[in-house]
Amino acid sequence: DKKHRDKEREKMKHKDGSTDKYKDKHKEKRKEEKVNYHADNSWKNACMHVKSEPEDDFYHSPKQSLKRERDEDNDSEFKPKKIKTENDKKAKKRKQDEVSNGHNIMKAKWEEERYTDGSKWRFLEHKGPVFAPPYEPLPNHVKFYYDGKAMKLSPEAEEVATFFAKMLDHEYTTKDIFRKNFFKDWRKEMTTEEKAKLTDLKKCNFTEMSEYFKAQSEARKAMTKEEKQKIKEENERILQEYGFCIMDNHRERIANFRIEPPGLFRGRGDHPKMGMLKRRIRPEDIIVNCSKDSKHPEPPPGRKWKEVRHDNKVTWLVSWTENIQGSIKYIMLNPSSRIKGEKDWQKYETARRLKKCVDRIRNQYREDWKSKEMRIRQRAVALYFIDKLALRAGNEKEEGETADTVGCCSLRVEHIKLYPENDGQEYVVEFDFLGKDSIRYYNKVPVEKRVFKNLQLFMENKEPDDDLFDRLNTSILNKHLQELMDGLTAKVFRTYNASITLQQQLKELTNVEENIPAKILSYNRANRAVAILCNHQRAPPKTFEKSMQNLQAKIDAKRDQLSDAKRELKSAKADAKVRKDEKSKKTVETKKKAVQRIEEQLMKLEVQATDREENKQIALGTSKLNYLDPRISVAWCKKWGIPVEKIYNKTQREKFAWAIDMADEDFEF
DNA sequence: TCGGGTACTTAGCAATGAGCAG
DNA sequence: CTGCTCATTGCTAAGTACCCGA
């Protein structure tokens, strides 16, 4: 296995190290490279095989790959560990050997699936979506009151009323926009009589309904084990039936096979559409996507799908149009699936290609700060922000349709303040705006003089609500980036900067001497540096203060325990000195061990406390899942002998199976 | 170039459930 | 066994990116 790993490591190096040079210098040789790539990658028992160009995607089953792995095992002719600069010719020759070798084996053993036309699959079969359970009318004793008088609502109006009743405890049911939107949409569901009667939301009393639902959820909690077990089994049955699909010979987990149930829309932040009715999705709204030769999913008895299509250029199984924004929703595969994993891998490979040319790009945009053309200066300053601060691209949004949030290209004059001098620093820019999900971005950063002067220029003669970059949008920016590097877009900078930061922080923070919990703290700190860079915030947990106190109490208790143990050790030592017999020596040893153990426990608790405190308002999950090349983490674990489970939970390990398999301890992002 | 449409990734929060102390 | 706490999972909104036709 070790041998094998060395070899694989070696191959990775090649793929990473030499392929790109090739791309730049010998475009016409790329065909060859692709073939090599296949051979190079046909090795894994993981489930992923990616090529940077989608037309070259192909895939074979884990089992088959395993076999092949063994075939290559005894071939250990080359395994130089640190090959930074191996001569190209030799590398190429070796690769070709592998190609012919590998290719034959592959051809003999499997039928390859290889897509050269942008298609995503050959075969797709699934059971369609699971619809939300139908509305169950309230029992008659649960009353709704209007203007103090009980009133029986039509089932349609009642259902929408229950949506509101269920949210009664939330603050947003008190917000004007929410109430207005809700009432307007509710009235659409009412009968003529109801509409005539119910004219004022303030006079509506939902409390009995609300109490009823609370009681229901209590009852659910109080269910016996058997009842709970039964429900669990039923869910498992549904999962097995609807939660998987067959895509190209593989049974893959579906991410969201349940259709979103109806309810009241609650956007994030100050959303103009909050409170609107999200309508129930019917089979007639559903477009099914599957392969022609598959067993098509059946609509519920007596119903029809909107459409069944066979589009293998896309990855979704089911789609429908949602009524709040009119956008399309999809049912797609789980992150553990081949199709998502490959894409993920590809994303990080693109970021690694950026690593190789980021210096050039940085020099370029610094030059562009001096351009005669306004649009180029704006582009260059925006790119600087995206690179330095990891800002999002900032697409335009339709006004009034969504909360007012911005990204880099859509920044307005009102979102930044310029300080020629601030707290002893020169040329400070203060950012204050709402970004994705209406999360506030606040940052004060010193910038280069040229940037500062440019910003002053961009802001000249503008109103606060004018665009800062009036000659720029994401499409212009991305078009430019595309010219700088194949596949480069604004978001690649976030991925790149996040991953490179993790790698660099891990190098800096990991201390050889420290034990595993301390190393994990270092990992979390590195992770945290990235989360801060990407502004991944969370609301401090409601029970934060309390749980912190609990932990502190535990620490105090442990401290007491430690001093007790130390005292006991001391007296045992004294005792042993006097008595000098085996038994008392043994006691000393035991006590020593006890002290050590307690010290370790104490340290662990203290580490935990530090970690938690530092994490109060920071969410680590998002960067871990979406921005950090998992191979960096896997390599770090391997290097320091840390079980990967300490870093990734089960779901995460499934998602990153490709990386866990592929990366060895000296993987370099 | 612009608006509209589509596909896919990224995001935080609420519900759930596993594990643990009492 | 019970109740509590915290991590995990599910949910779905909100982004990015890119295509197309006028």
Side-chain angles (χ1 to χ4, degrees), chain A residues 120 132 167 170 217 220-222 225 228 231-232 235 239 243 255-261 263 265-269 271 273-274 278 287 289 311 313-316 319 321-322 324-335 339-340 343-344 346-347 386 391-398 401-403 405-410 434-439 473-479 481-482 487-495 498 531 534-539 541-544 546-548 550-551 554 608 612 617-627 648-652 654-655:
Chain A
K120 308 286 170 69
M167 297 177 133
H170 274 109
S217 87
R220 228 172 305 130
K221 270 186 221 156
K225 250 195 247 155
K228 283 183 184 167
I231 292 174
K232 211 174 158 185
N235 278 334
L239 173 69
N256 55 326
F257 57 92
R258 286 173 202 275
I259 300 269
E260 297 170 19
F265 176 81
R266 170 59 178 140
R268 315 260 164 86
H271 198 116
K273 299 199 170 182
M274 65 169 83
K278 198 168 101 165
I287 302 174
N289 193 32
D311 181 357
K313 300 278 195 292
V314 298
T315 66
W316 53 268
S319 75
T321 302
E322 154 268 357
I324 303 288
Q325 327 265 1
S327 64
I328 308 170
K329 301 258 186 167
Y330 303 93
I331 291 182
M332 290 185 190
L333 296 194
N334 202 61
I339 206 143
K340 295 290 183 186
K343 204 72 189 302
D344 209 31
Q346 211 174 103
K347 174 180 79 186
I386 285 170
L391 300 190
R392 294 189 186 82
N395 283 323
E396 298 102 300
K397 321 168 57 181
E398 232 177 309
E401 296 290 297
T402 59
T405 62
V406 298
C408 186
C409 295
S410 50
L434 297 181
K436 181 174 178 182
D437 293 323
S438 291
I439 296 290
N473 61 37
T474 53
S475 147
I476 295 172
L477 178 64
N478 280 335
K479 226 167 259 154
L481 292 175
Q482 197 60 241
L488 187 60
T489 62
K491 89 188 187 88
V492 177
F493 280 89
R494 250 166 102 80
T495 312
C534 294
N535 200 39
H536 291 141
Q537 299 190 25
R538 61 167 186 174
K542 285 184 193 85
T543 54
F544 184 84
K546 207 177 124 217
S547 91
M548 218 52 214
N550 288 347
L551 193 56
K554 265 192 196 170
Q608 204 187 340
R612 196 181 293 177
Q617 309 201 55
I618 316 272
L620 299 186
T622 305
S623 49
K624 204 186 236 185
L625 234 48
N626 299 304
Y627 288 103
Y648 291 139
N649 67 34
K650 190 167 139 279
T651 323
Q652 295 168 156
E654 278 165 16
K655 168 165 177 168

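All values reported here derive from a predicted model rather than from experimental measurement. Each chain gets a letter, A, B and so on, in the order its sequence line appears, and its residues count up from 1.
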Applying salt bridge (charged side-chain N to carboxylate O under 4.0 Å, His left out), can you list everything that pairs with A:Lys329, at least two apart in sequence or on another chain?
A:Glu260
Please name all residues satisfying salt bridge (charged side-chain N to carboxylate O under 4.0 Å, His left out) with A:Lys313, sequence neighbours left out, ordered by chain then number.
none
For A:Lys347, give me all partners under salt bridge (charged side-chain N to carboxylate O under 4.0 Å, His left out), at least two apart in sequence or on another chain.
A:Asp344
Angle by which the axis turns from one end of the helix from B:dT1-C:dA22 to B:dG22-C:dC1 to the other, five pairs per end, to 10 degrees
10°
Toward the 5' end of DNA chain B, by each residue's nearest nucleotide, A:Glu398 or A:Arg494
A:Glu398
Any residue meeting side-chain hydrogen bond (donor to acceptor under 3.5 Å, both in side chains) with A:Glu396, in chain and number order, not counting sequence neighbours
none
Please produce a list of atom pairs where a protein N or O lies less than 3.5 Å from an N or O of nucleotides 4-7 of chain C.
from, atom 1, to, atom 2, distance (Å)
C:dT5, OP1, A:Lys546, NZ, 2.8
C:dC6, OP1, A:Arg612, NH1, 3.3

Checking A:Phe257 now: which residues fulfil ring pair (Phe, Tyr, Trp, His ring centres under 6.0 Å) with it, not counting sequence neighbours?
none
Using the test side-chain hydrogen bond (donor to acceptor under 3.5 Å, both in side chains), find all partners of A:Tyr648 that sit at least two apart in sequence or belong to another chain.
A:Ser633
Heavy-atom nearest nucleotide on DNA chain C for A:Thr489 versus A:Lys278: which residue maps closer to 5'?
A:Lys278
Which nucleotide in the list C:dT16, C:dT12, B:dA11 gets nearest to the side chain of A:Asn395?
C:dT16
Which atoms of nucleotides 20-22 of chain B (N or O only) lie under 3.5 Å from a protein N or O atom, and what are those distances?
none

Any chance you could list the contact pattern along nucleotides 12-17 of chain B? Use B for base contacts, S for sugar-phosphate-only contacts and - for none, protein heavy atoms under 4.0 Å, 5' to 3'.
BSS---
Short side-chain N/O contact from A:Lys347 to OP1 or OP2 of B:dT9, under 4.0 Å
no
Filtered N/O pairs between nucleotides 5-8 of chain B and protein, under 3.5 Å:
from, atom 1, to, atom 2, distance (Å)
B:dA7, OP1, A:Trp316, NE1, 3.4
B:dA7, OP2, A:Trp316, NE1, 3.4
B:dA7, OP2, A:Tyr330, OH, 2.9
B:dC8, OP1, A:Lys120, NZ, 3.0
B:dC8, OP2, A:Thr315, N, 3.0
B:dC8, OP2, A:Thr315, OG1, 3.0

For A:Gln325, answer base if it contacts any base atom (sugar-phosphate contacts may also be present), sugar-phosphate if it contacts only those atoms, and nothing otherwise; contact means non-hydrogen atoms under 4.0 Å.
sugar-phosphate
With A:Arg268, which residues qualify under side-chain hydrogen bond (donor to acceptor under 3.5 Å, both in side chains), at least two apart?
A:Asp437
